[in-house]
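Numbers here simply count residues along the sequence, with the first being 1.
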Amino acid sequence: MMRKVSLVMLGAVLGASVVTVGTQTRLLSDGMARAAASDTYRDLNLFGDVFEKIRSDYVEKPDEQKLVEAAINGMLTSLDPHSSYMDAKSFQDMQVQTRGEFGGLGIEVTQEDGLIKVVTPIDDTPASRGGILSGDIISAIDGENVQGLTLNQAVDKMRGAPNTTVTLKILRGTGKEPQDVKLTRAVIQIKSVRAHQEGDDIGYIRITQFNEQTGDGVVNAIKKFQTDIPADKFKGYILDLRNNPGGLLDQSIAVSNAFLDRGEIVSTRGRNADESMRYNAHPGDVSKGKPLVVLINGGSASASEIVAGALQDHKRATILGSRSFGKGSVQTIIPLGQNNGAVRLTTARYYTPSGRSIQAKGIDPDIVVLQDVPDDLKGKDDTKGEASLKGHLKNGDDEKGGSQAYVPPNEKDDKQLSAAEDILRGVNQASQTPPKPAAPDVKTDQPEKVPN
């Protein structure tokens, strides 16, 4: 009995000690927080002093609103290549674009070293018809150098009324030979999903980007194939995500869900553990388990990589092509209210079901197949990938660059498409590299929250 009482007392003392240490730690933390806040306010005072000097002493009267917007955008772009400020007009344009219709050239761009870099031209738009290629650098718009412009300002200059023209100065290839490309603006109606039969036994689905129409578009295409192709002849699906720059997270989840019956699709992990989320497939594989080949290349980014990674980890599809872009971060659009636009802020990294981070690494295909590139495009057909972007989020020591992003305009020259058809039809064809070992097994039933 005495021993039991002694142990109880010892436990009480230890408990009191923990509380005391915790209290001391909390006091230290509070002091450090106050010191940090003091430093922050001092820096904000510095900003105010500089702002006032510009207002009072600059050689010409500045536009104060533009000064504030430039300061905000500079703060955001210093974080990573994908965070930025959108003024009210840019925010409205972004909302229109995600709905699938906007005015302009049909070109997805990012900013690199002060210049505008083409991620990919969107299919069947003035940009794609005018010969703009993934990886092209835009150095001037209508004769105005883009150096010094924000990404949003450059995009605004490329947009305009339908049937008006704009001239882009393009730097292409290792030699960066400049060339002028004149394009006519149009109303861009992005049909994000295009589908047709390959022969009489394969359903081909091409996704150009992930907007609000994409999930429904893929489900409708699958159901049409199931109606049009007799079940005994139906060999499977080809899902083409090449040169797809991404888009809405929820739509990448919807597309993955159309080919999965259960299990995790993607997890997003933010700075704090309670901000992490896991997204699971709902029961019911719309594609009814038919074989699936997914095509990717160096222009496949973000939402495209979420789909490819999920289907690869679940061994639901054969991934074919070349390594994807490697954009493994999630941007949240945060409206600022009172017609002040919005902030596009990187808030999380995403992970495939097996826990792989794609950031600055990309998805490696199970089977690598490279295209035959015309002589005039050799050396100009590769993307550098996320790992080459200045200020990108780091991901260890084994980051990987981009890869080939060329897709022949004529299907008969498309080696990746032909290889995908051969796989589905059971034709033996030696690939350029053997299949990779299977991805780690993934758990099929997971809670909705994950640890950071």
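Between the side chains of S357 and N395, at least one donor N or O lies within less than 3.5 Å of an accepting N or O. In summary, the side chains of T164 and R185 do present a donor paired with an acceptor at a separation below 3.5 Å, with no hydrogens or angles considered. Between the side chains of Q359 and H392, no donor N or O sits under 3.5 Å from an acceptor N or O. Side-chain contact, D43 with T40: no donor N or O sits under 3.5 Å from an acceptor N or O. Checked by atom type, the side-chain pair Q312/D366 shows a donor-acceptor distance below 3.5 Å. In the model, R344 has a side-chain atom that pairs as donor or acceptor with a side-chain atom of S84 under 3.5 Å.
Heavy atoms from other residues, nucleotides or ligands lying under 6.0 Å from NE2 of H282 number 12 at most.
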*What do the steps show when you test D414 against R242 for salt bridge (charged side-chain N to carboxylate O under 4.0 Å, His left out), and what is the final call?*
CA-CA 12 Å; D414 192 337; R242 293 175 296 179; 2.8 Å; yes

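Considering V166, I132, I122, V155 in turn, V166 is the only one that fulfils the side-chain contact (heavy atoms from CB on, under 4.5 Å) rule with L105. In summary, of the residues considered (T332, L336, I333), a side-chain contact (heavy atoms from CB on, under 4.5 Å) with V343 occurs for L336 alone. The side-chain contact (heavy atoms from CB on, under 4.5 Å) test with I363 singles out one residue from I296, L241, V294, and that residue is I296.
For the residue pair D313 and R356, the shortest heavy atom distance occurs at OD1-NH2, 2.7 Å. The shortest heavy-atom contact between S324 and S300 is CB-O, 3.3 Å. Closest non-hydrogen pair, A360 versus A387, comes out as O-CB, 3.9 Å. The shortest heavy-atom contact between N211 and S192 is OD1-OG, 3.3 Å. Of all heavy-atom pairs spanning T346 and H82, the tightest one is OG1-CB, 4.2 Å. Counting all heavy atoms, side chain and backbone alike, T165 lies closest to D142 at O-OD2, 4.3 Å.
To the nearest 0.5 Å, atom CG of residue N297 and atom CD of residue Q371 are 8.0 Å apart. With rounding to the nearest 0.5 angstrom, the CG atom of D285 is 13.0 Å from the CZ atom of R262. Atom CD of E64 is separated from atom NZ of K61 by 5.0 Å, given to the nearest 0.5 angstrom.
Residues M158 and I141 are in side-chain contact: their nearest non-hydrogen atoms beyond the backbone lie under 4.5 Å apart.
Remark: R269 qualifies as a cation-pi partner of Y351 under the 6.0 Å distance and 45° angle criteria applied to the six-membered ring.
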